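The structure under discussion appears below in the form of structure tokens.
As the structure is a prediction and not an experimental result, all values here were calculated from the model. Computed from heavy atoms alone, side chains included, the values below leave out hydrogens, waters and symmetry copies.
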Amino acid sequence: MRAIIQRVKQASVTVDGELISSIKEGLCVLVGIGRDDTKKDIDYLANKILKLRLFEEDGKRWRKSVMDLNYEVMCVSQFTLMCVLKGNKPDFHKAMDGEKSQQFYEEFLAEMRKRYQTEKIKDGKFAAYMQVEIQNDGPVTIQIDSCAAKNETKGESSTNQETDEN
């Protein structure tokens, strides 16, 4: 799984001119699901997203998580995050196929809601042509790949992954 996490002042998702979902301050998370992803990937990503310290406390950066501050999270499924370029043409063979990925994405949302507060986890509309509007705060944008967790368990270090102790 891959997530692009953006710290936001607000975010909303519209489909065909209809507001589907919106949040105030918190995180907007674009989520890509790979064909080989498992429950372990869901657990890793849900934990990282909710505990990632992207917010200030007393003027000090990187101190608080979305959970610490009781903020909201907007999740948006985005298979294009699993793109591999073949020349100038995008190829999506690494993305999980439609029906299976919808169920997997629903499991991811359920895990996020289980770990936090159900009403604080919002999402768009799976497989719809959406307009995602965000007011990026900072801007702060972080990418997390769950494959980093697989590397960590094999004893390899990851240069852009931080342990929960840090």
Flag the pair [X] / [Y] as yes when at least one side-chain heavy-atom distance between them is below 4.5 Å, and no otherwise.
{"X": "F104", "Y": "M96", "result": "yes"}
{"X": "S65", "Y": "L54", "result": "no"}
{"X": "I42", "Y": "M1", "result": "yes"}
{"X": "V31", "Y": "V76", "result": "no"}
{"X": "I121", "Y": "V73", "result": "yes"}
{"X": "M74", "Y": "D123", "result": "no"}

Grab the two heavy atoms, one from [X] and one from [Y], that are nearest each other, plus how far apart they are.
{"X": "Y116", "Y": "Y71", "answer": "OH-O, 2.7 Å"}
{"X": "F108", "Y": "C75", "answer": "CE2-SG, 3.9 Å"}
{"X": "P90", "Y": "N88", "answer": "CD-O, 3.9 Å"}
{"X": "S101", "Y": "I33", "answer": "O-CD1, 3.7 Å"}
{"X": "L27", "Y": "R7", "answer": "CD2-CA, 3.9 Å"}
{"X": "M130", "Y": "G124", "answer": "SD-CA, 3.9 Å"}

I'd like to know if the side chain of N47 reaches the main chain of Y44, judged simply by a donor and an acceptor atom lying under 3.5 Å from each other, with no hydrogens or angles considered. no
For N70 and Q117, what are the C-alpha separation, side-chain angles and deciding distance, and is it a side-chain hydrogen bond (donor to acceptor under 3.5 Å, both in side chains)? CA-CA 9 Å; N70 205 32; Q117 301 171 47; 2.6 Å; yes
Between K9 and E25, does a salt bridge (charged side-chain N to carboxylate O under 4.0 Å, His left out) hold up when you go through it step by step? CA-CA 4 Å; K9 288 291 186 185; E25 199 161 13; 3.2 Å; yes
With clusters defined by side-chain heavy atoms of hydrophobic residues (ILVMFWY) lying less than 4.5 Å apart, directly or transitively, does V140 cluster with I23? no
L81, L52: one ILVMFWY side-chain cluster at the under-4.5 Å cut-off? no
Between D91 and L85, does the side-chain contact (heavy atoms from CB on, under 4.5 Å) criterion hold? Intermediate values first, please. CA-CA 6 Å; D91 180 299; L85 290 179; over 6 Å; no
Could you check T141 against I5 for side-chain contact (heavy atoms from CB on, under 4.5 Å), going step by step and ending with a plain yes or no? CA-CA 6 Å; T141 303; I5 303 163; over 6 Å; no
Should the ring pair F92 and F79 be called parallel, tilted or perpendicular, given that the plane angle runs from 0 to 90° and is split at 30 and 60? perpendicular
Does atom [atom1] ([X]) have a neighbourhood of more than 12 heavy atoms from anything else shown, all under 6.0 Å?
{"X": "E133", "atom1": "CD", "value": "no"}
{"X": "Q103", "atom1": "CD", "value": "no"}
{"X": "R61", "atom1": "CZ", "value": "no"}
{"X": "K39", "atom1": "NZ", "value": "yes"}
{"X": "E99", "atom1": "CD", "value": "no"}

Determine, step by step, whether D37 and K94 satisfy the salt bridge (charged side-chain N to carboxylate O under 4.0 Å, His left out) criterion, reporting the C-alpha distance in whole Å, the side-chain angles of both residues, the deciding distance to 0.1 Å, and the verdict. CA-CA 10 Å; D37 289 337; K94 289 190 175 187; over 6 Å; no
Separation of Q78 CD from R2 CZ (nearest 0.5 Å): 11.0 Å
Roughly how far, to the nearest 0.5 Å, is SG of C28 from NZ of K122? 12.5 Å
Electrostatic pair K48:D145 at N-O distance under 4.0 angstrom: no
Salt bridge or not for K120 and E72, using N-O below 4.0 Å? no
Side chain to side chain contact (heavy atoms under 4.5 Å, CB included), paired with K125, selected from V15, V13, T14: V15
Test salt bridge (charged side-chain N to carboxylate O under 4.0 Å, His left out) applied to E56 and K60, step by step: CA-CA 5 Å; E56 291 184 11; K60 295 181 181 176; over 6 Å; no
